[in-house]
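Everything on this sheet refers to the single structure shown next.
Heavy-atom basis, side chains included; hydrogens, waters and symmetry copies ignored.
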Amino acid sequence: MARSGVWHGAVVAALALMVQGWWLWQLGPVLPPDSGSFIAAARELAGPGGGFVGPGRLHEAALAWSFYRAPGYPLLILLHEALWGASWAWGLVGLQLLLAGAATVAFHRALLAITLHRGLALFGSLAQAGSFALVVHPAILSDSLYASLLCLALSLLLRGGMEGGVGLRAAFAVGLLLGLATLLREVGAYLNLLWIPLVLAALRPGLRHRAVGLVVFAAPMLAAPLALLAWNAARTGSPFLTTVGQVVYFQALLPLAARGVAVFATDPVLAQAASQAFAPFTNVEVVALNHHLFQPYALEAPALARLASATWRYAWAEHPLRMAGGALARIKAHYLFTPFIPLENFALVPLWTEGSPRLLARFDRLMRAALAGTDAALVALFLLAALCRVAGLALSAAFLATPVVAARAWRQAPGARLALACWPILPATLGLHALVHLEIRYFVPAMPALLAAACFTLAQLPGLSAKPGPWFLRSQPRTPQGNAP
């Protein structure tokens, strides 16, 4: 079982690496719009203004990038510049691809443990490797390493939980991985709390062991955001994680402002600046608003982030239904297909370089082209893409059914409590980002949790494990392992 877990997972990881390597050969490291902010943050941290130990450009610009971004990724950029010089982007993307491959192998073995079914484990690891991760791994973005660290942490917990329970060293390793992830994306400081039920479910039985294990897990996980708070307090005099709120909180108010709701009237300075900055109410004007507040009113990035946060909270208090409607509008129906659309994700890799999506990246355009033309290749691609979407929809349905299925299989299936404990990670990730700003790449870190829960649910279907099938899809014997309920 262990050998097949490594072999199958390695094949999936190798396929993903070949796809991403081909795109790297065609395009080089991909530079999305957000890449510039990470590179600028690295320059500020290493610059003569003392960005690492002092205020840097805080007094010079509304958007001080070394405060806007968590420090982990900019520091990695500086490290790879020191190692590889002008080729630093290739070295950094190489690290991202290697860690992504290791995460895929580990995740496959975890799926094999929780489902006891080779076919489902292979399908789930293909879905994980072929998710939007295909797009972010070759790009200069913190999302890649953040997602890989979380995938490794989840794999440790699932496999350990199914093999007698997680020990103290593994609990510390999981907490350390989550802590390092927080240094890459500050949202981890909030989302990591959702891992506590999963850690408790995966730890070895015994009240004392679980209490000690929880402390051992929480120590490195909480140390990272606390260190970040202390570091920014030393640099500016006030503790905060990042100043990204100065943009995303204002972005969340744009739908209401576009409808004429006076969301910026809570502060006279803000109202005046908003009247100068906003015309079509787009995200570009959010940056302009920050500049209008910085130039004449001398509001620096931490103060701008606090003002944006206070305005956002006031809008929720005064217009809860409208704000909730805006949050729900950010959750699109087509997200139900995202668990398995590898063809579309493959075609999306050059989007940030070329500026417009290729035909295969847009299912609606591919469908129209296949129906209107006589090209057999287009028809075949459309049918394959449609089949992938059906599989993605089946995974989403299985995920949504997990709470019910896990509750019914609580005593019979050893992985039920683990599947149920990892279920909230995706809805919470989706919901937290929908409150302010949601992009498809924010799904990547939570996708392994969705797939683990969905594959467990599919493994409980009557007769699935009884079908022999080819040797590489044959199920593993179901043995009673894991924590006793």
**Prompt:** With sequence neighbours left out, which residue pairs that include part of residues 132-177 fulfil the ring-ring contact (aromatic ring centres under 6.0 Å, His included) condition?
**Reply:** none
Which heavy atom in [X] sits nearest to a heavy atom in [Y], and how many Å separate them?
{"X": "V444", "Y": "A147", "answer": "CG1-CB, 3.6 Å"}
{"X": "V379", "Y": "A370", "answer": "CG2-O, 3.8 Å"}
{"X": "G179", "Y": "A224", "answer": "O-CB, 3.1 Å"}
{"X": "A127", "Y": "P339", "answer": "CB-O, 3.4 Å"}
{"X": "A252", "Y": "L435", "answer": "CB-O, 3.6 Å"}
{"X": "V286", "Y": "V247", "answer": "CG1-O, 3.6 Å"}

Can you find a heavy atom in the side chain of [X] that is under 4.5 Å from one in the side chain of [Y]?
{"X": "L112", "Y": "R118", "value": "yes"}
{"X": "L178", "Y": "F217", "value": "yes"}
{"X": "P403", "Y": "W423", "value": "yes"}
{"X": "Y442", "Y": "D143", "value": "yes"}
{"X": "H117", "Y": "L111", "value": "no"}
{"X": "P71", "Y": "S66", "value": "no"}
{"X": "L351", "Y": "V135", "value": "no"}
{"X": "L194", "Y": "L191", "value": "yes"}

Hey, could you give me the [atom1]/[atom2] distance between [X] and [Y], rounded to the nearest 0.5 Å?
{"X": "L83", "Y": "L95", "atom1": "CG", "atom2": "CG", "value": "10.5 Å"}
{"X": "L450", "Y": "S396", "atom1": "CG", "atom2": "OG", "value": "6.0 Å"}
{"X": "W231", "Y": "L226", "atom1": "CH2", "atom2": "CG", "value": "15.0 Å"}
{"X": "L158", "Y": "I114", "atom1": "CG", "atom2": "CD1", "value": "5.0 Å"}
{"X": "I140", "Y": "Q96", "atom1": "CD1", "atom2": "CD", "value": "6.0 Å"}
{"X": "S131", "Y": "L451", "atom1": "OG", "atom2": "CG", "value": "7.5 Å"}

Using only atom types and a distance under 3.5 Å, with no angle test, would you say the side chain of [X] pairs donor to acceptor with the backbone of [Y]?
{"X": "R330", "Y": "A434", "result": "yes"}
{"X": "S125", "Y": "H108", "result": "no"}
{"X": "T402", "Y": "T457", "result": "no"}
{"X": "H209", "Y": "V166", "result": "yes"}
{"X": "T429", "Y": "I425", "result": "yes"}
{"X": "Y73", "Y": "F38", "result": "no"}

**Request:** Please name all residues satisfying side chain to side chain donor-acceptor pair (under 3.5 Å) with N345, sequence neighbours left out, ordered by chain then number.
**Result:** none
**Request:** List for me each residue that meets side chain to side chain donor-acceptor pair (under 3.5 Å) alongside Q246, sequence neighbours excluded, and say none if there are none.
**Result:** T243, N290
**Request:** Flag yes if more than 12 heavy atoms outside L371 fall under 6.0 Å of its CG atom; otherwise flag no.
**Result:**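 Yes, because the 6.0 Å sphere around CG of L371 holds more than 12 heavy atoms from other groups.
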**Asked** With a cut-off of 6.0 Å (strictly less than), are more than 12 heavy atoms of other residues, nucleotides or ligands near CZ of R408?
**Response** no
Which pairs would a plain distance check flag for residues 19-34, meaning a side-chain donor or acceptor within less than 3.5 Å of a matching protein atom at least two apart in sequence or in another chain?
{"unit_1": "W23", "atom_1": "NE1", "unit_2": "F346", "atom_2": "O", "d": "3.0"}
{"unit_1": "D34", "atom_1": "OD2", "unit_2": "R441", "atom_2": "NH2", "d": "2.4"}

**Message:** I need the single residue from L366, L384, L348 that forms a side chain to side chain contact (heavy atoms under 4.5 Å, CB included) with L343. Which is it?
**Reply:**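 That would be L384.
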**Asked** Can you list every pair that meets side chain to side chain donor-acceptor pair (under 3.5 Å) and has a residue in residues 174-190, with sequence neighbours left out?
**Response** T182-N192
**Prompt:** Can E81 and R43 be counted as an ion pair, charged N to O under 4.0 angstrom?
**Reply:** yes
**Prompt:** Run the side chain to side chain contact (heavy atoms under 4.5 Å, CB included) check on L150 and L177 step by step: do they pass?
**Reply:** CA-CA 7 Å; L150 263 61; L177 289 170; over 6 Å; no
**Asked** Between the side chains of Q128 and T104, is a donor N or O closer than 3.5 angstrom to an acceptor N or O?
**Response** yes
**Request:** Under the side chain to side chain contact (heavy atoms under 4.5 Å, CB included) rule, what do Y249 and V244 come out as? Steps first, then yes or no, please.
**Result:** CA-CA 8 Å; Y249 284 123; V244 70; over 6 Å; no
**Request:** With side chain to side chain contact (heavy atoms under 4.5 Å, CB included) as the test, would you mind laying out the steps for V436 and W312 before giving the verdict?
**Result:** CA-CA 9 Å; V436 285; W312 177 81; 3.9 Å; yes
**Prompt:** Can you list the residues that meet the salt bridge (Lys or Arg N to Asp or Glu O under 4.0 Å) rule with R389, with sequence neighbours excluded?
**Reply:**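 With sequence neighbours excluded, R389 shows a salt bridge (Lys or Arg N to Asp or Glu O under 4.0 Å) to E344, given in chain and number order.
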**Message:** Could you walk me through whether L383 and L387 satisfy the side chain to side chain contact (heavy atoms under 4.5 Å, CB included) test, starting with their C-alpha distance in whole Å, then the side-chain angles of each, then the deciding distance to 0.1 Å, before giving a yes or no?
**Reply:** CA-CA 6 Å; L383 292 175; L387 184 62; over 6 Å; no
**Message:** I'd like to know whether the aromatic ring centres of F363 and F337 sit less than 6.0 Å apart in this structure.
**Reply:** no
